[in-house]
Amino acid sequence: MKIYNSLTRQKEDLTPLESGHFKIYVCGPTVYDFFHIGNARPFIVYDTLRRYLLWLGNQVTYVQNFTDIDDKVIIRANKEGITSKELAETMIGEYFHDADALNIMRASIHPRATESIDDIVRIVKILVDKGHAYVTDDGVYFSIDTFPSYGKLSGHNLDDLIAGASERVSDTENKRNPLDFAVWKFKKEGEPFWPSPWGDGRPGWHIECSAMSLANLGETIDIHAGGVDLTFPHHENEIAQSEAATGKPFVRYWMHNGFVNINYEKMSKSGGNFFTVRDLAERYPYHILRFFILQAHYRMPINFSDELLDATVTSWKRITSSVDHLAFVAKTAPKEATKSEEEQALQDAVTTCRYNWKNAMDDDLNTADAIAALFELVRAANTAASSGDVSAPALLEARDTLIELFGVLGASPSDTKEAACLLRLWRLWKQEPRLKACDYSRADAIRDGIGEGLLKSKIPPGRTGTAPLTRMDDPLYDCSISTFAWVGGAVFELCIRTKLAGDKTQARSPPWRQNLSARRMSGADGALLNDGAFDLTASERNLLQQALNFL
RNA sequence: GGCACCAUAGCCAAGUGGUAAGGCAGAGGUCUGCAAAACCUCUAUUCUCCGGUUCAAAUCCGGAUGGUGCCUCCA
């Protein structure tokens with residue numbers, strides 16, 4: 001595959017130094033707060049890269065650090081009256097809570113700065129011994145004048161940088177060059193510290209990543225990744241320190257992802273315009289956030305708004321409903337290949353999809369294009385499923401392809417929560433004898449009655465019969481009764497309305513809505529879903545009972 | 001001021017020399033108690049603008065305009 005290398009500013013063939021084994025380092029979070037959707041982008045993007053490399057059959061050693069000692073951590077901890085360590089511990093736990101939910105694989109190693117002090121000191125010592133670093137009265141500084149290629153990653157001209165730095169940076173007295181940066185900061189009152197040959201203190205930010213990369217992955221690694229804002233000075237400094245210390249190339253491919261913007265401006269905590277993933281998860285499922293991020297190429301900036309996430313919810317449903325539908329139709333489809341035109345078309349679509357998907361992923365991880373390829377298969381599969389002349393194996397192959405390839409993106413369309421929740425309600429309703437006796441007029445009356453009687457405020461003007469029945473595990477949805485219908489059996493349907501759709505009240509049928517139609521058309525009875533034991537939560541049972549009281 | 005990046009439909013977004021993917025929204029149709037879903041059709045003769053190179057440009061070059069980021073902690 002090809003990857004855009006920030007160092008050379010062009011796409012290059014991505015080959016590991018050690019055949020079949022990629023060594024990747026991703027700059028991890030500074031653990032002083034919940035991370036926001038902008039912070040999440042690199043985690044999601046590089047996790048996807050990792051999944052793809054694994055899918056291709058490679059081994060991947062993936063390191064993502066926690067910066068658990070830093071000005072921000074110290075300030076926040078002091079403010080809350082706890083130790084830096086306590087704050088970091090808590091926030092690392094919160095990181096995993098969100099990251100796991102975003103389906104971000106745990107790194108092979110999650111090193112922490114405070115647990116890497118020995119490695120850091122060792123490198124600082126090498127730098128001092130080699131004359132690349134010098135001691136002042138407030139710390140140990142790296143001397144960029146001893147590293148001639150400084151600026152090669154960011155493309156900055158040294159003179160310009162110095163000019164800029166001189167204007168802004170006031171504490172230059174101790175430094176030989178205004179661009180020199182601290183690799184070790186001597187302790188200050190109220191700050192945690194560790195011993196070093198030059199005095200007690202704590203590591204500078206940049207040296208942490210260098211040390212953790214060198215210690216865990218070796219002197220030369222394949223990929224080092226992070227947000228574009230880290231290019232300078234963070235990554236530039238990492239190169240200088242690491243290469244000055246080892247004398248070897250530090251990183252072979254540098255990858256930088258674009259920002260998540262709000263109103264076309266960078267999302268940042270200092271700017272105050274940010275949404276934490278935790279807050280967003282109250283309104284959107286985690287997999288929607290992940291899918292949203294992957295819909296754009298990773299190097300492009302993406303704008304962020306509820307409106308865009310709403311569109312993502314709708315498009316994601318197109319995928320999940322197709323996947324569910326295929327499984328259902330396959331149950332009654334011919335067992336043997338039909339040799340029909342439709343069957344051939346579907347098989348071709350699967351082949352085309354795989355080809356286009358891989359090409360897209362190979363081209364600098366173009367997930368946007370890869371997703372487009374998958375949508376084309378969704379369309380072809382829906383067409384095939386509705387033709388009635390495609391065999392079960394062919395339908396299931398299409399379904400498996402979708403699940404597999406979306407799975408590589410870390411967003412699996414099977415086994416989603418909304419499907420599971422609706423399944424449970426479907427099973428319960430199916431058992432309700434009173435429902436079997438309704439006719440349309442009665443059903444509509446019931447529907448309206450529920451709407452008016454139960455939850456007036458939720459009924460949008462001009463619509464009848466939507467009433468939240470239960471709140472499901474997935475916080476995105478209110479489950480609403482939309483319609484009760486009777487067609488030669490107990491047939492009724494649910495209508496999902498996303499809370500976020502607000503007044504638009506875009507009603508979306510659950511994935512198995514198509515199951516109902518198919519069942520009706522084929523005349524087959526029951527057996528739509530496996531009737532096994534099921535449990536309702538107390539609140540589900542309660543709300544359902546309220547609804548049934550109107551029958 | 002210096003250095004980068006970006007500009008594609010109502011919205012989002014691929015496409016980097018061969019005649020505009022995909023999603024959302026919208027319109028018409030098929031199907032259907034109504035509705036929804038699904039499927040079909042339509043929705044940018046044109047890619048911010050102006051020049052240039054080429055048989056051929058959204059794509060390459062030059063310029064203009066607009067936007068963003070970095071140069072200070074930042075994903």
Side-chain angles (χ1 to χ4, degrees), chain A residues 6 9 11 26-30 35-43 45-46 70-72 151 154-157 159-161 163-165 167-169 179 205 225-234 256-261 264-271 292 295-297 299-303 305 307-308 310-319 321-322 325 356 360 363 366-376 378-379 382-383 385-387 439-441 443-444 463-465 482-483 485-487 493 495-496 504 506-518 520-521:
Chain A
S6 305
R9 287 162 204 249
K11 288 182 190 173
V26 177
C27 286
T30 299
F35 65 91
H36 61 64
I37 188 69
N39 301 123
R41 166 118 97 148
F43 306 151
V45 163
Y46 304 120
D70 166 273
D71 289 347
K72 285 179 182 162
S154 53
H156 283 306
N157 174 301
D159 294 335
D160 295 334
L161 281 173
E167 281 177 22
R168 290 176 177 79
V169 182
L179 291 178
W205 173 41
V228 275
D229 53 343
L230 295 183
T231 310
F232 188 91
H234 185 55
H256 293 99
N257 59 277
F259 287 125
V260 176
N261 295 330
Y264 303 98
E265 287 183 4
K266 176 180 176 178
M267 178 186 295
S268 70
K269 288 188 177 159
S270 52
F292 172 74
Q295 275 181 307
H297 184 91
R299 284 191 285 116
M300 293 294 115
I302 51 179
N303 234 328
S305 71
E307 199 177 7
L308 295 172
D310 287 346
T312 303
V313 168
T314 313
S315 63
W316 180 251
K317 286 201 163 294
R318 182 172 163 77
I319 298 157
S321 92
S322 176
H325 190 197
N356 289 340
D363 183 17
N366 194 334
T367 53
D369 235 5
I371 288 169
L374 292 169
F375 269 110
E376 289 182 43
V378 165
R379 169 176 297 240
N382 285 338
T383 304
S386 58
S387 76
D439 57 33
Y440 288 129
S441 58
D444 288 346
R463 276 191 79 87
T464 57
S482 173
T483 299
W486 168 264
V487 182
E493 48 192 68
C495 190
I496 297 179
K504 287 189 295 180
Q506 289 294 330
R508 296 298 169 198
S509 289
W512 41 266
R513 173 62 186 79
Q514 292 75 51
N515 297 357
L516 259 181
S517 295
R520 181 163 36 187
M521 278 188 270

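Order of the sequence lines fixes the chain letters, A, B, ..., with proteins taken first and strands second; residue numbering starts at 1 for each chain. The figures that follow rest on heavy atoms only: side chains count, while hydrogens, waters and symmetry mates do not.
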A.B. asks: What is the distance, to the nearest angstrom, from the CD atom on A:E307 to the P atom on B:A25?
C.D. replies: 11 Å
A.B. asks: Ignoring the backbone of A:R379, work out which of B:A14, B:C24, B:U41 is nearest its side chain.
C.D. replies: B:U41
A.B. asks: Output the single nucleotide from B:C39, B:A13, B:G22 whose closest atom is nearest the side chain of A:N382.
C.D. replies: B:C39
A.B. asks: Any idea which of B:A13, B:U68, B:G23 is nearest the A:E265 side chain?
C.D. replies: B:U68
A.B. asks: Verify side chain to side chain contact (heavy atoms under 4.5 Å, CB included) between A:N257 and A:Y46, making sure each step is shown before the conclusion.
C.D. replies: CA-CA 9 Å; A:N257 59 277; A:Y46 304 120; 3.1 Å; yes
A.B. asks: Can you name the atoms? Protein N/O to nucleotides 15-20 of chain B N/O, anything below 3.5 Å, with the distance.
C.D. replies:
{"unit_1": "B:G15", "atom_1": "OP1", "unit_2": "A:N366", "atom_2": "ND2", "d": "2.7"}

A.B. asks: Would you indicate what A:R299 reaches in the nucleic acid, counting non-hydrogen atoms under 4.0 angstrom: base, sugar-phosphate, or nothing?
C.D. replies: nothing
A.B. asks: So which protein nitrogen or oxygen atoms get under 3.5 Å of nucleotides 73-75 of chain B's nitrogens or oxygens?
C.D. replies:
{"unit_1": "B:C73", "atom_1": "O2'", "unit_2": "A:K72", "atom_2": "NZ", "d": "3.1"}
{"unit_1": "B:C74", "atom_1": "OP1", "unit_2": "A:W205", "atom_2": "NE1", "d": "3.4"}
{"unit_1": "B:C74", "atom_1": "O2'", "unit_2": "A:D229", "atom_2": "OD2", "d": "2.6"}
{"unit_1": "B:C74", "atom_1": "O2", "unit_2": "A:K266", "atom_2": "NZ", "d": "2.8"}
{"unit_1": "B:C74", "atom_1": "N3", "unit_2": "A:K266", "atom_2": "NZ", "d": "3.0"}
{"unit_1": "B:A75", "atom_1": "OP1", "unit_2": "A:N39", "atom_2": "ND2", "d": "3.0"}
{"unit_1": "B:A75", "atom_1": "O5'", "unit_2": "A:N39", "atom_2": "ND2", "d": "3.1"}
{"unit_1": "B:A75", "atom_1": "O2'", "unit_2": "A:G227", "atom_2": "N", "d": "2.2"}
{"unit_1": "B:A75", "atom_1": "N6", "unit_2": "A:M267", "atom_2": "O", "d": "2.6"}
{"unit_1": "B:A75", "atom_1": "N1", "unit_2": "A:V260", "atom_2": "N", "d": "2.9"}
{"unit_1": "B:A75", "atom_1": "N3", "unit_2": "A:G38", "atom_2": "O", "d": "2.8"}

A.B. asks: Whole-Å distance between B:A37 P and A:I319 CD1?
C.D. replies: 16 Å
A.B. asks: Where the side chain of A:Q295 is concerned, which of B:G23, B:A38, B:A4 is the nearest nucleotide?
C.D. replies: B:G23
A.B. asks: Could you tell me whether A:T383 contacts a base, only the sugar-phosphate backbone, or nothing, with contacts defined as non-hydrogen atoms closer than 4.0 Å?
C.D. replies: sugar-phosphate
A.B. asks: Applying side chain to side chain contact (heavy atoms under 4.5 Å, CB included), can you list everything that pairs with A:D229, at least two apart in sequence or on another chain?
C.D. replies: A:F259, A:K266
A.B. asks: Does the side chain of A:W205 come within less than 4.5 Å of A:D71's, by heavy atoms?
C.D. replies: no
